[in-house]
Protein chains: 4
Amino acid sequence: MGVTMDGTKQQRRGNTRQRIQDVALELFAEQGYEKTSLREIAEHLDVTKAALYYHFKTKEEIIVSLFEDLTKPIEELIEWGRKQPHTLETKHEIVRRYSRALVGAEPLFRFMQENQATVRELRIGDTFKDRMRDLRDIFIDPEAPLVEQVRCVSAVFTLHAGMFLMQDLESDFEKRRAAVLEVALDLITRAHEGARGGA
Amino acid sequence: MGVTMDGTKQQRRGNTRQRIQDVALELFAEQGYEKTSLREIAEHLDVTKAALYYHFKTKEEIIVSLFEDLTKPIEELIEWGRKQPHTLETKHEIVRRYSRALVGAEPLFRFMQENQATVRELRIGDTFKDRMRDLRDIFIDPEAPLVEQVRCVSAVFTLHAGMFLMQDLESDFEKRRAAVLEVALDLITRAHEGARGGA
Amino acid sequence: MGVTMDGTKQQRRGNTRQRIQDVALELFAEQGYEKTSLREIAEHLDVTKAALYYHFKTKEEIIVSLFEDLTKPIEELIEWGRKQPHTLETKHEIVRRYSRALVGAEPLFRFMQENQATVRELRIGDTFKDRMRDLRDIFIDPEAPLVEQVRCVSAVFTLHAGMFLMQDLESDFEKRRAAVLEVALDLITRAHEGARGGA
Amino acid sequence: MGVTMDGTKQQRRGNTRQRIQDVALELFAEQGYEKTSLREIAEHLDVTKAALYYHFKTKEEIIVSLFEDLTKPIEELIEWGRKQPHTLETKHEIVRRYSRALVGAEPLFRFMQENQATVRELRIGDTFKDRMRDLRDIFIDPEAPLVEQVRCVSAVFTLHAGMFLMQDLESDFEKRRAAVLEVALDLITRAHEGARGGA
DNA sequence: GATGAATGAGATTTCATTCAT
DNA sequence: CATGAATGAAATCTCATTCAT
């Protein structure tokens with residue numbers, strides 16, 4: 001994983017860079033960004049703090065790089081969604097794909113959900129907000145009734161929360177995801193229909 | 001000294017404790033708990049850091065005291081809810097009251113939403129989680145179908161998010177609250193009915 | 001104790017001053033002077049820190065006052081000793097009285113033994129050192145052989161240590177005191193005789 | 001940078017850890033542990049406080065490390081003593097060696113003597129007490145008459161005190177040590193004989 | 001690629017002390 | 001006699017960051 005024959009952008013042998021990202025994300029998600037020190041990350045990897053600085057210019061760069069690496073599928077999905085006709089079926093397909101895409105980025109999303117105050121100050125904050133707005137705009141016309149817009153936002157939240165906040169409801173990850181997906185699809189459906197009938 | 005005849009909000013001597021709480025909550029909600037230093041709070045109030053320590057033994061105690069003071073109405077509501085018959089009408093009433101109760105505790109909830117990683121490490125983390133579970137258990141039987149349980153959690157999230165995360169949807173606070181309320185009520189209704197129809 | 005019929009210098013009703021001294025000495029002896037804060041003393045007495053300042057101008061004054069109050073018998077003993085002929089019998093009598101006098105000042109001496117570094121910086125440090133020198137000079141001529149002088153110092157140390165450092169040797173206080181006394185008397189005897197026999 | 005050509009006393013990079021220990025011990029012994037701040041130590045060394053924390057995790061670790069480094073010869077001596085037959089000659093030999101071993105650890109022992117209250121709270125407190133008990137148990141049977149046990153403890157105290165508390169008796173260190181040694185040996189002899197003759 | 005050593009800034013916390021009431 | 005409120009100074013400690021090797 002991450003190794004290609006051509007030299008483009010990915011880490012070759014000595015995958016320290018990725019190990020740093022992995023450990024950092026785990027700790028960031030578990031304890032929060034500010035409470036996780038570089039010393040801690042370094043200790044988990046059994047290297048020195050200075051080694052981290054060989055791979056990343058700052059602490060912020062670690063989280064930014066994670067964001068950039070892990071949200072690519074989601075970005076692509078949204079890009080794709082924008083070009084489709086905004087039918088109900090398309091919307092459903094996007095919800096389904098979004099749910100699937102979230103699986104790979106789960107720790108990052110948990111991190112972002114639980115450290116919003118921090119994220120807001122980071123460079124990635126705005127990017128993320130824009131992405132969420134794009135997603136919402138695919139689901140519903142900005143001129144649609146407020147209630148239906150809320151339903152769309154609610155659907156997205158539900159998908160996010162289903163990843164990491166409903167673990168006490170059902171421990172089987174796939175069952176949970178299915179239930180969450182159903183609720184989200186339903187919210188989107190109602191928003192879609194409500195927008196046509198119109199407030 | 002510091003006493004006025006009219007009862008209006010005066011806050012010279014004597015209410016420093018509350019002024020600390022007010023300023024602290026504002027800053028915690030805005031910048032996050034860890035990024036807000038006691039120096040900053042003290043400067044905003046034009047007192048020394050040591051003065052804060054006269055009123056609160058630790059930084060954590062400030063946020064804990066806020067939690068305890070501000071969540072009392074919500075606790076009482078949940079207590080009340082538990083004793084009612086679990087009819088749809090009761091559930092709706094609880095949702096309506098919960099929405100209203102959240103208004104008073106808005107900055108605290110924004111803080112808790114945006115600093116979950118921090119809150120989790122604080123003493124209040126578990127209390128809050130318990131409260132949320134209690135609320136969910138009022139809305140739906142833990143044995144009900146998973147999908148309906150998700151709907152209930154989704155309703156609660158929607159209420160929370162409506163407080164502080166949908167400000168770009170509609171700037172008028174009361175309009176937003178009404179729309180959010182409607183979506184939440186609808187989710188509860190569907191959960192209620194879905195639970196009767198069966199697994 | 002501390003109450004006399006004439007009004008001289010001792011505390012009347014409202015014996016807070018003495019209660020402060022008692023608690024302070026106990027804590028100082030147990031934890032050390034620097035590690036014992038005025039807050040702690042105040043809490044033990046169930047008064048505020050400010051109350052302490054009504055009775056003592058500074059923290060140092062508390063310990064100084066204790067020193068002055070409790071070492072009076074010892075000072076008087078030394079004063080008395082100086083005026084006696086320096087026979088062996090006198091020396092023994094002083095040792096015996098000194099051992100008895102130490103009993104009343106035990107916590108103070110424990111404190112001074114265990115906080116010498118602190119005591120040295122306090123006003124009382126020099127006074128105490130002078131007292132010890134006076135005592136030694138009663139026991140032996142400063143021109144006597146060095147070995148005998150060491151024996152005298154050793155005797156005094158033994159008396160001190162017997163008060164609080166040999167508790168694991170024998171738990172019965174009086175038995176311990178008797179044994180310690182015997183060793184000290186013996187050391188003094190040998191010093192006395194060694195001094196006569198010559199350099 | 002910091003490098004000299006001649007080998008005199010220069011201490012470039014690399015021995016900071018020991019320089020910290022040296023300066024710290026000096027200051028601890030002179031002013032006491034609590035009264036010596038890390039700022040002060042750092043200033044004496046012309047480094048920042050943070051540099052101290054690179055070498056020692058806490059202030060306590062500094063003193064603990066000193067204790068561990070400097071008491072090693074004494075520990076070895078006691079270990080050796082335990083395995084010898086408990087004859088009078090052995091005991092004398094131990095006293096002599098102990099006196100010599102103390103020379104190297106003089107500032108540490110002065111520190112421990114003068115900061116007992118502090119030491120007691122530190123991790124090293126118990127270790128030290130154990131060591132002293134071991135030493136005493138070599139000198140005399142725990143079942144021997146109390147008076148003789150006191151004599152042994154007295155001998156050890158005398159050795160300690162001779163290091164740093166009798167400087168006004170005789171300024172020549174070696175003369176003082178010889179005198180102290182004689183008194184200690186004598187106390188041990190009497191204890192040994194007293195134990196045979198019985199209570 | 002990585003380390004060892006260090007720094008500057010700043011965090012939380014504690015303390016003795018003061019003073020108006 | 002005593003308190004409530006506050007302060008100024010300083011303490012221990014942590015952190016992200018730097019740089020020569």
Side-chain angles (χ1 to χ4, degrees), chain A residues 11-17 20 34-42 45-62, chain B residues 1-3 12-17 20 34-42 45-62, chain C residues 13-17 34-42 45-62, chain D residues 1-2 12-17 20 34-42 45-62:
Chain A
Q11 53 287 347
R12 354 192 189 310
R13 294 164 38 264
N15 57 342
T16 308
R17 190 187 146 91
I20 293 173
E34 344 264 349
K35 297 257 274 206
T36 303
S37 67
L38 294 184
R39 178 182 55 67
E40 215 175 346
I41 296 173
L45 289 163
D46 217 46
V47 296
T48 60
K49 270 185 293 173
L52 305 185
Y53 278 89
Y54 178 82
H55 295 281
F56 299 94
K57 261 202 289 293
T58 65
K59 186 185 180 187
E60 181 168 348
E61 229 198 63
I62 299 179
Chain B
M1 190 193 256
V3 183
R12 350 186 191 308
R13 285 308 104 85
N15 56 353
T16 306
R17 191 188 144 91
I20 294 172
E34 348 263 349
K35 299 258 274 203
T36 303
S37 68
L38 294 184
R39 179 185 53 70
E40 214 175 347
I41 296 173
L45 289 164
D46 214 48
V47 295
T48 60
K49 278 176 288 166
L52 305 186
Y53 278 90
Y54 175 77
H55 294 281
F56 299 94
K57 261 200 290 291
T58 63
K59 187 184 179 187
E60 180 168 349
E61 229 199 62
I62 300 179
Chain C
R13 294 163 37 265
N15 57 341
T16 307
R17 190 187 147 90
E34 345 265 348
K35 297 257 275 205
T36 303
S37 68
L38 294 184
R39 177 182 55 68
E40 213 175 348
I41 296 173
L45 289 164
D46 218 46
V47 296
T48 60
K49 269 183 294 172
L52 305 185
Y53 278 88
Y54 178 84
H55 295 280
F56 299 95
K57 263 203 287 292
T58 65
K59 186 184 179 186
E60 180 167 349
E61 231 199 61
I62 299 179
Chain D
M1 186 192 261
R12 6 187 186 300
R13 285 311 103 89
N15 55 353
T16 306
R17 191 189 145 92
I20 294 172
E34 347 263 349
K35 299 258 274 202
T36 303
S37 68
L38 296 184
R39 178 185 54 68
E40 213 175 348
I41 296 173
L45 289 164
D46 214 47
V47 296
T48 61
K49 278 175 288 166
L52 306 186
Y53 279 93
Y54 175 78
H55 294 280
F56 299 95
K57 262 200 290 292
T58 63
K59 187 184 179 185
E60 180 168 348
E61 229 198 62
I62 298 180

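Naming: A, B, ... by sequence-line order, numbering from 1 per chain. Predicted model only: the values in this text are computed from it and were never measured.
One atom, NZ of A:K35, and another, C1' of E:dA11, lie 13 Å apart when rounded to the nearest Å. Put simply, NZ on A:K59 is 17 Å from C1' on F:dT18, counting in whole angstrom units.
B:K35 places no side-chain N or O within 3.5 Å of a backbone atom of A:E34 that could act as its donor or acceptor partner.
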TODO: Could you summarise the pairing of DNA chain E as dot-bracket text, marking Watson-Crick and G-U pairs under 3.5 Å with ( ) or [ ] inside the strand and | across strands?
DONE: .||||||||||||||||||||
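When the side-chain nitrogen and oxygen atoms of D:T58 are compared with OP1 and OP2 of F:dC13, none of them lie within a distance under 4.0 Å. Between B:Y54 and F:dA5 there is a side-chain polar atom (N or O) within less than 4.0 angstrom of OP1 or OP2. Note on D:H55: a side-chain N or O is less than 4.0 Å away from OP1 or OP2 of E:dA6. An OP1 or OP2 oxygen of E:dT13 is reached within less than 4.0 angstrom by a side-chain nitrogen or oxygen of B:Y53. Dashed line: the shortest gap from a side-chain N or O of D:R39 to OP1 or OP2 of F:dA11 is under 4.0 Å.
With E:dA6, F:dT17, E:dT12 as the choices, the nucleotide that has an atom nearest any side-chain atom of A:L38 turns out to be F:dT17. For A:S37, taking side-chain heavy atoms from C-beta onward, the closest of the listed nucleotides E:dT3, F:dT12, F:dA16 is F:dA16.
Heavy atoms only, all atoms of each residue included: D:A42 and D:T48 are closest at CB-C, 3.8 Å. In plain terms, the two heavy atoms of C:K59 and C:L38 that are nearest each other are CG-CD2, 3.9 Å.
If you take atom P in E:dG1 and the same atom in F:dT21, they sit 23 Å apart, rounded to whole Å.
To the nearest 0.5 Å, the span separating OG1 on A:T16 from CG on A:L45 amounts to 8.0 Å.
Along DNA chain E, the nucleotide nearest to D:T48 and the one nearest to A:A50 differ in position, and the one closer to the 5' end is contacted by A:A50. When each of A:L52 and C:E34 is assigned the nucleotide of DNA chain E with its nearest heavy atom, A:L52 is the one assigned upstream, toward the 5' end.
One can find a donor-acceptor pair under 3.5 Å joining the base of E:dT17 and the side-chain atoms of C:K49.
In terms of the side chain to side chain contact (heavy atoms under 4.5 Å, CB included) criterion, residue partners of A:F56 (sequence neighbours excluded) are, by chain and number, A:R17, A:I20, A:Q21, A:E61, A:I62, A:S65.
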